[in-house]
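Taking it in order: structure first as C-alpha cells, then the write-up.
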Amino acid sequence: MAKFLTNKDENYAQWYNDLVIKADLAENSAVRGCMVIKPYGYAIWEKIQAELDRLFKATGHVNAYFPLFIPKSFFSKEAAHVKGFAKECAVVTHYRLKLDESGGIVVDETAKLDEELIIRPTSETIIWHSYKNWIQSYRDLPILINQWANVVRWEMRTRLFLRTAEFLWQEGHTAHATREEAVEETDKIINLYAGFAENSMAIPVIKGYKSENERFAGALDTYAIEAIMQDGKALQAGTSHFLGQNFAKAFDVQFTDKNGKLDYVWATSWGVSTRLMGALIMAHADNHGLVIPPKLAPLQVVIIPIYKGDGQLEGLTVVAEKIKAGLEAKGITVKYDNRDTHKPGFKFAEYELKGIPVRIAIGPRDLENKTAEVARRDTLTKETIPVDSVTEYIQRLLIDIQDNILKKAIIFKEENTFYIDSWDEFIKTLDDKGGFILAHWDGTAETEMKIKEETKATIRCIPFDSPEEEGKCIYSGKPSKKRVLFARSY
RNA sequence: CGGGGUGUAGCGCAGCCCGGUUAGCGCAUCUGGUUUGGGACCAGAGGGUCGCAGGUUCGAAUCCUGCCACCCCGACCA
C-alpha cells in the first residue's frame, strides 16, 4: 500500500489528486487554473500524441499550425459558436506594458488594440478564414488538416488534466465537397478514437451521438466516445463533429463542383485533449499508484539490483546490463536503476506509484540460480524466471498486461452498465452504484434538463448500437424507441 | 458572482481563543557512519520578512482594521 496516497475507496477525488502529484505527472502553476505538466506526465502525453499522430497520417491527414489569437470579428461570425464559447474566452486588449511612476509594470493604455484578440478556445473560425482562400474548386477538396495546439477556456473550477483553463489537444478540421463525405469523415474519426482508446489506452468506450444540449456549439451533429471511470462516473474522451455548412456559410467558403455549380463546403472538426491523461489514471490506477498500459508507458521495464555492500553490485550489473540489452533489442524501453541512495523497497514502491508495467529484481540468490524475479504491475504478482528466457518472457508479458488491463476495464464497464426502466430505480442506481445507465428517453430537451436538475445525470450519448425497441421514457412516460446512455460525468 | 474556509521552513501541520523565553513538530534536504530480497537506522546540521499594509501595546504569529492570494461547495464546462 502506497502510504502517501489517499485510499481510492475512501475518497476517490482526493486519491486522484494525490496520485497526479505523487506520481509526478503534473502540478498546479502560479496561474490559476493552469497546470505544469511534469516530465513524466508529458512523456505519457507524448506517447499518446505519437500514436494518434500516426493514426491521423495513416488516414490521410496532415499537420499544420494556425495562430493562438483570433480576431474578435471572426469569432462572432457563427452565431451558435459564439454563444457556446463567449462566456469562457480570454481576451487580449493591449500590446504593450510600461513602467509607472513607482517603477511597477502597468498596461500602457495608449497601446490598445483596435480589434481585440480572442485566445483560441478552439480554432474553427481562424481556420475557416484561411480555408476561404484555399478552396475554389472541387479539385481543392478534401482538406484534411490536424493541428496540435494549446487552447484556453476560462473555467471557474479546474482539476489537473480533467479540466484546466489551458490545455493541450489536437484539433482536426476538414473540408469536403459533399455532405456524405463529411459525415463519413466524422464517423471515421470517432472510430479512430474508439480504436485508440481500446487498443492503446486499454479503455473501452461507448460511441454515440450527443443530444442537442450536449452538442458542440456550431455543429449539426456531435459524436462522442464515453468511458467509465472506476468511481462509476462517465468521462467524455473524444468528440467528432459534423459541422454541415455552418462555418462555410459564416466565412463564405464556396467551391465549384464537377458540374460547374457553386456550393458551400462541408466541414468536420474533432479533438482529444490532455484530458485523456485523466481517463488513463481513473480507468486503471489503484491504491499502489498508476497502472500504465505497456503501449503508453514511457518506461516499460525497470531492473532493480538487490545487494549487500561487499562488491555484489558489480556482478549484478553485468547480468542487468545483459537483460537490458536483450530487451532493448526487441524495442522495449528499459531502465536499470542502480542508484545506491535508495533501498530496493523504496524503488519497488516508487515504480509501482509510477505504473511501470514490469519490474525485474535481481539479487545474490538470482545470480546463483541464474534467475530473475519478474513482477507485473497490473496484478502485483511475481514470478522467478531463468535469465536466459527473460527477453521472450517479457515480450509476451507486456502483451499480456496490455490485454489484461483492457479485459479488466471491459468487465468493469459491463458490471457497471445497467438497463433501467423505472424512475425510482434510476435514482436508486445513480445514488447507490453510479455507472452507465441505459434507459428510455422521450427525445425532448425539456425532459433531459429536468433529469439533469433532479439527478445531476446527463445523457452522455445516444449509442450508435442502441437497438430499436419499444419503451417508455424513464421520466415522462412518453413513448421511446431507443435507450440512451445516462451517467453522472466529469 | 454567491456561501464556507485557509494563509507559520520545500511539503503537511501545531502554536492564535487567553499577547510575554531563542516560533515548534513530522516529512523532505545536507554531512558522517552503519545498512540494502517491500518505502532503513543512529548522530549531527542547515533552512522562517509567521500572506501584505496599517493600528493597539513596553512587547504582536497571537488583538483590531483594510487589502491580497489560494482552496472547498454552487452556477458554467472537454
Side-chain angles (χ1 to χ4, degrees), chain A residues 1-6 11 13-14 17-18 21-22 27-33 83-89 121-122 150-171 193 210 213-217 219 222 224-227 234-241 269-279 288-289 304-313 316 337-354 359-369 371-373 375 380 382 384 452-453 456 458 460-461 489-490:
Chain A
M1 178 73 61
K3 56 179 167 180
F4 304 117
L5 274 184
T6 300
N11 187 342
Q14 192 56 46
N17 292 339
D18 281 5
I21 302 293
K22 298 280 162 51
E27 63 187 26
N28 283 304
S29 72
V31 184
R32 180 192 160 74
K83 206 166 160 247
F85 285 106
K87 288 164 294 183
E88 50 188 43
C89 285
T122 179
N150 59 337
V151 287
V152 170
R153 296 181 188 174
W154 211 261
E155 298 290 347
M156 286 306 168
R157 301 193 51 208
T158 60
R159 286 186 74 191
L160 292 172
F161 290 120
L162 296 175
R163 177 164 294 108
T164 47
E166 180 196 18
F167 57 91
L168 305 184
W169 76 345
Q170 57 69 215
E171 46 180 326
Y193 285 157
K210 281 290 181 187
N213 275 328
E214 302 277 332
R215 197 175 288 160
F216 174 74
T222 290
I225 51 170
E226 293 287 330
L235 186 133
Q236 179 174 307
T239 48
S240 182
H241 315 292
S269 70
W270 29 272
V272 298
S273 72
T274 34
R275 187 177 229 209
L276 287 179
M277 295 287 293
H288 293 256
I304 296 170
I306 295 157
Y307 57 95
K308 292 199 166 54
D310 48 1
Q312 284 181 353
L313 182 59
L316 292 169
D337 186 352
N338 61 352
R339 286 178 300 172
D340 191 35
T341 49
H342 298 277
K343 289 180 61 166
F346 179 91
K347 294 177 185 176
F348 290 179
E350 186 182 28
Y351 292 111
E352 271 165 18
L353 182 61
K354 292 201 162 189
R359 179 187 72 227
I360 302 174
I362 44 171
R365 227 155 54 208
D366 296 301
L367 213 51
E368 205 173 304
N369 304 330
T371 57
E373 181 194 84
L380 294 165
K382 308 176 204 182
T384 301
K452 184 179 176 180
E453 276 166 32
K456 288 190 177 141
T458 50
R460 300 319 305 154
C461 69
S489 72
Y490 279 96

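A note on names: the letters A, B, ... follow the listed sequences, proteins ahead of strands, and every chain is numbered from 1. Fair warning: this is a prediction, and the values are worked out from it, not measured in the lab.
For the P atom pair drawn from B:C52 and B:C11, the interatomic distance equals 15 Å after rounding to whole Å. The separation of B:U29 from B:C68, taken at their P atoms, amounts to 38 Å, rounded to a whole angstrom. Nucleotides B:G7 and B:C17 have their P atoms positioned 14 Å apart, rounded to a whole Å. Taking atom C1' in both B:U62 and B:U56, one finds a spacing of 13 Å when rounded to whole Å. For the C1' atoms, the distance from B:G32 to B:G37 is 27 Å, rounded to whole Å. When the P atom is used for both B:C64 and B:A23, the distance is 23 Å, rounded to whole Å. When the P atom is compared between B:G24 and B:G46, the two are found 13 Å apart, to the nearest whole Å. Nucleotides B:G47 and B:G2 place their P atoms 44 Å apart, quoted to the nearest Å.
Contact annotation for A:R339: no contact, since no heavy-atom pair falls under 4.0 Å across all strands. When heavy atoms are screened at a 4.0 angstrom cut-off, A:K210 is found touching no nucleic acid atom at all. Using a 4.0 Å heavy-atom cutoff across all strands shown, A:F167 reaches at least one base atom of the nucleic acid. Note on A:L162: a base of the nucleic acid sits closer than 4.0 angstrom, heavy atoms only. Across all strands, A:T164 comes closer than 4.0 Å to base atoms (heavy-atom distances).
As a whole-Å value, the separation of A:N213 CG from B:C76 P is 11 Å. Atom CZ of A:R159 and atom P of B:A78 are 17 Å apart (whole Å). Separating the CG atom of A:N28 from the P atom of B:A69 is a distance of 16 Å, rounded to the nearest angstrom. Atom-to-atom, CD of A:E88 to P of B:C76 comes out at 12 Å; the value is rounded to the nearest Å. Whole-Å rounding puts the A:W270 CH2 to B:A78 P distance at 19 Å. Rounded to whole Å, the distance from CD on A:E226 to C1' on B:A78 is 10 Å. Separating the CD atom of A:E155 from the P atom of B:A78 is a distance of 8 Å, rounded to the nearest angstrom. Rounded to whole Å, the distance from CG on A:L168 to P on B:A78 is 18 Å.
In this structure, CD on A:E166 lies 12.5 Å from CZ on A:R153, to the nearest 0.5 angstrom. We find the OH-CD distance between A:Y490 and A:Q236 to be 15.0 Å, quoted to the nearest 0.5 Å. The NE2 atom of A:H288 lies 9.5 Å from the CG atom of A:L5; values are rounded to the nearest 0.5 Å. Atom CG of residue A:L162 and atom CG of residue A:L235 lie 6.5 Å apart, to the nearest 0.5 angstrom.
The side chain of A:E373 approaches B:G37 more closely than any other nucleotide in the set B:G37, B:G74, B:G38. Proximity note for A:R275 (side chain, C-beta onward) versus B:G37, B:A78, B:G38: the nearest is B:A78. Side-chain atoms of A:F346 lie closest to B:G39 of the nucleotides B:A78, B:G39, B:G37. The side chain of A:K87 approaches B:C76 more closely than any other nucleotide in the set B:A78, B:C76, B:G39.
If you check the side chains of A:N11 and A:T6, you find no donor sitting under 3.5 Å from an acceptor.
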Q: Carefully, step by step, assess A:N28 and A:L160 under the rule side chain to side chain contact (heavy atoms under 4.5 Å, CB included).
A: CA-CA 7 Å; A:N28 283 304; A:L160 292 172; 3.6 Å; yes

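Taking the six-membered ring for Trp and thresholds of 30 and 60 degrees, A:H342 and A:F346 have nearly parallel ring planes, at less than 30 degrees apart.
Nucleotide B:G74 forms a Watson-Crick or G-U wobble pair with B:C1, both donor-acceptor distances falling under 3.5 Å. When both distances must be under 3.5 Å, the Watson-Crick or G-U wobble mate of B:U65 is B:A53. Using Watson-Crick or G-U wobble geometry with both donor-acceptor distances under 3.5 Å, B:G38 finds no partner in any strand shown. Applying the Watson-Crick and G-U wobble criteria (two distances, each under 3.5 Å), B:C25 pairs with B:G12. Both distances falling under 3.5 Å, in either a Watson-Crick or a G-U wobble arrangement, place B:C30 opposite B:G44. In this structure, B:A60 forms no base pair with any nucleotide, since neither Watson-Crick nor G-U wobble geometry is met with both distances under 3.5 Å.
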Taking N or O atoms only and anything under 3.5 Å, show me the protein contacts with nucleotides 34-36 of chain B, one pair per line.
from	atom 1	to	atom 2	distance (Å)
B:U36	O2'	A:Y307	O	2.7

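Residues satisfying the side chain to side chain donor-acceptor pair (under 3.5 Å) test with A:T164, not counting sequence neighbours, are none. For A:F85, the ring-ring contact (aromatic ring centres under 6.0 Å, His included) partners at least two apart in sequence or on another chain are A:H81, A:F216.
Counting distance only, with no hydrogens placed and no angle test, the side-chain atoms of A:E352 and the base atoms of B:G38 include a donor-acceptor pair under 3.5 Å.
With respect to A:E350 and A:R359, no salt bridge is recorded, no charged nitrogen being found less than 4.0 Å from a carboxylate O.
Along RNA chain B, the nucleotide nearest A:L380 and the nucleotide nearest A:R215 are compared for position; the residue whose nucleotide lies closer to the 5' end is A:L380.
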